[in-house]
S.K.: 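This is the structure I have questions about; it appears just below.
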Amino acid sequence: MTPTDPAHFTLKPQPPYDFAANANFVTHYKGQEGADTFDGEILTRVLDLGTNVAKVDITSNGSTDDPALNITLSGQPIPAEIDTATRLVDRVVGARGNPQPFYDLVAEIPQLALLPETFHGLHLTQATSLFETITWAVLGQQISANVAASLRRKITEAYGRSGEIDGHPYALFPRPEDLASADIDDLRALGLSQRKAEYTLGLRDEFGSGRITEARLAAMDDEAVETELLKLRGIGPWTAHWLLIRGLGREDALPIGDVALQKTLGELVTGELFTPKELVDYAEQFRPYRSYLTIYLFALIRARRVGAV
DNA sequence: ACCCAGGCATTGG
DNA sequence: CCAATGCATGGG
């Protein structure tokens with residue numbers, strides 16, 4: 001291997017954009033979640049570039065109204081992979097999109113004013129892999145976020161690739177092929193239920209065989225994507241909508257049936273837990289930007305969980 | 001010892 | 001067609 005030769009570049013997100021708001025969201029206000037770590041200044045993450053992996057360090061070099069990000073890539077990316085890295089970083093930090101139309105809708109609703117105030121400049125940050133996002137969502141169904149994180153950590157340790165770049169240890173969530181040898185009992189031994197083990201292996205086969213690809217889903221409208229995903233065992237409305245937001249960056253999805261959203265939005269608006277129907281009905285006024293409502297509520301939930309708000 | 005968590009498929013009326 | 005039920009584990 002040649003000595004590490006970092007590549008540097010700049011990224012200009014769409015304003016209004018606040019780097020810390022986005023970095024805190026992806027790390028759940030804990031400084032670390034999954035592959036991402038954020039120390040308050042540098043967001044660090046290891047990316048799967050296809051042939052190689054590379055570490056990326058991201059810092060802010062701008063303001064909310066004129067945002068700029070400094071990107072430093074290290075590891076052994078070949079030139080052709082720099083483009084891939086750029087595209088992935090763009091997704092991870094939520095460079096595209098614009099929350100302003102959502103702010104304009106919220107401006108009419110005093111009970112929700114704290115959302116744009118507290119998280120001003122938060123965008124729709126995307127995961128780098130659809131398989132990871134959908135598997136993570138299945139693991140997280142019904143159970144608390146902490147339990148889901150624990151399951152995710154175990155499956156990463158057991159099956160993901162790991163290593164070190166510039167002294168920085170990393171562990172990547174497994175790709176479908178990394179799970180090739182896994183069977184139901186292996187996954188149950190990690191703490192998954194029988195059902196979740198079955199769903200996970202089913203998704204491994206669907207994504208691993210190429211029957212489902214990001215390119216195919218990306219070409220469909222929201223409704224077609226949902227229809228396609230609902231055919232998969234283990235995928236219901238909640239998971240399909242979460243994948244629309246986190247996996248595909250769509251702006252108008254709402255994870256129906258999410259008890260945390262029902263509780264948090266209900267408490268803000270009426271002081272009481274919303275039913276699933278009340279959540280859906282109330283969210284109507286935010287079309288076609290319901291993903292922002294979802295994300296800003298999750299930001300509040302995550303920040304409150306660690307006492308940051 | 002409970003009960004609930006950022007759901008879902010299956011079953012029984 | 002709607003309501004009820006089991007699921008795994010970690011934190012209240």
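Letters A, B, ... are given to chains in the order of the sequence lines, protein chains preceding strands, and every chain is numbered from 1.
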S.K.: Collect all protein-nucleotide pairs involving nucleotides 10-12 of chain C in which both atoms are nitrogen or oxygen and the distance is under 3.5 Å.
M.R.:
none

S.K.: Could you tell me whether R302(A) sits above the aromatic face of F25(A), with NZ or CZ closer than 6.0 angstrom to the six-membered ring centre and within 45 degrees of the axis?
M.R.: yes
S.K.: Of all the nucleotides listed (dG6(B), dT10(B), dC8(B)), which has the minimum atom distance to the side chain of P237(A)?
M.R.: dC8(B)
S.K.: Counting only heavy atoms not in E223(A), do more than 12 fall under 6.0 Å of its CD?
M.R.: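 Atom CD in E223(A) is not packed in, count stays at 12 or less.
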S.K.: Within less than 4.0 Å of OP1 or OP2 of dC8(B), is there a side-chain N or O belonging to R233(A)?
M.R.: no
S.K.: When the nearest nucleotide of DNA chain B is assigned to A240(A) and to I143(A) on a heavy-atom basis, which residue is associated with the more 5' position?
M.R.: I143(A)
S.K.: May I have the step-by-step check of salt bridge (charged side-chain N to carboxylate O under 4.0 Å, His left out) for R87(A) and D90(A), ending in yes or no?
M.R.: CA-CA 5 Å; R87(A) 188 170 45 78; D90(A) 191 89; over 6 Å; no
S.K.: Quick one, which residues of residues 114-122 of chain A touch DNA chain C with a heavy atom under 4.0 Å?
M.R.: none
S.K.: Answer with yes or no whether R246(A) presents, from its side chain, a donor or acceptor under 3.5 Å of a partner atom in the base of dG6(B).
M.R.: no
S.K.: Quick one: which of dA9(B), dA5(B), dG6(B) gets closest to the side chain of F298(A)?
M.R.: dG6(B)
S.K.: Could you give the distance separating dA3(C) and dG6(B) at their C1' atoms, to the nearest angstrom?
M.R.: 23 Å
S.K.: Please tell me if the side chains of F298(A) and L261(A) come closer than 4.5 Å, counting only heavy atoms from C-beta onward.
M.R.: yes
S.K.: Please state the P separation for the pair dT11(B) and dA8(C) - nearest whole angstrom.
M.R.: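 Roughly 15 Å separates the two P atoms.
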S.K.: If only side-chain N and O atoms count, and only distance matters, is there a donor-acceptor pair under 3.5 Å linking R246(A) with T125(A)?
M.R.: yes
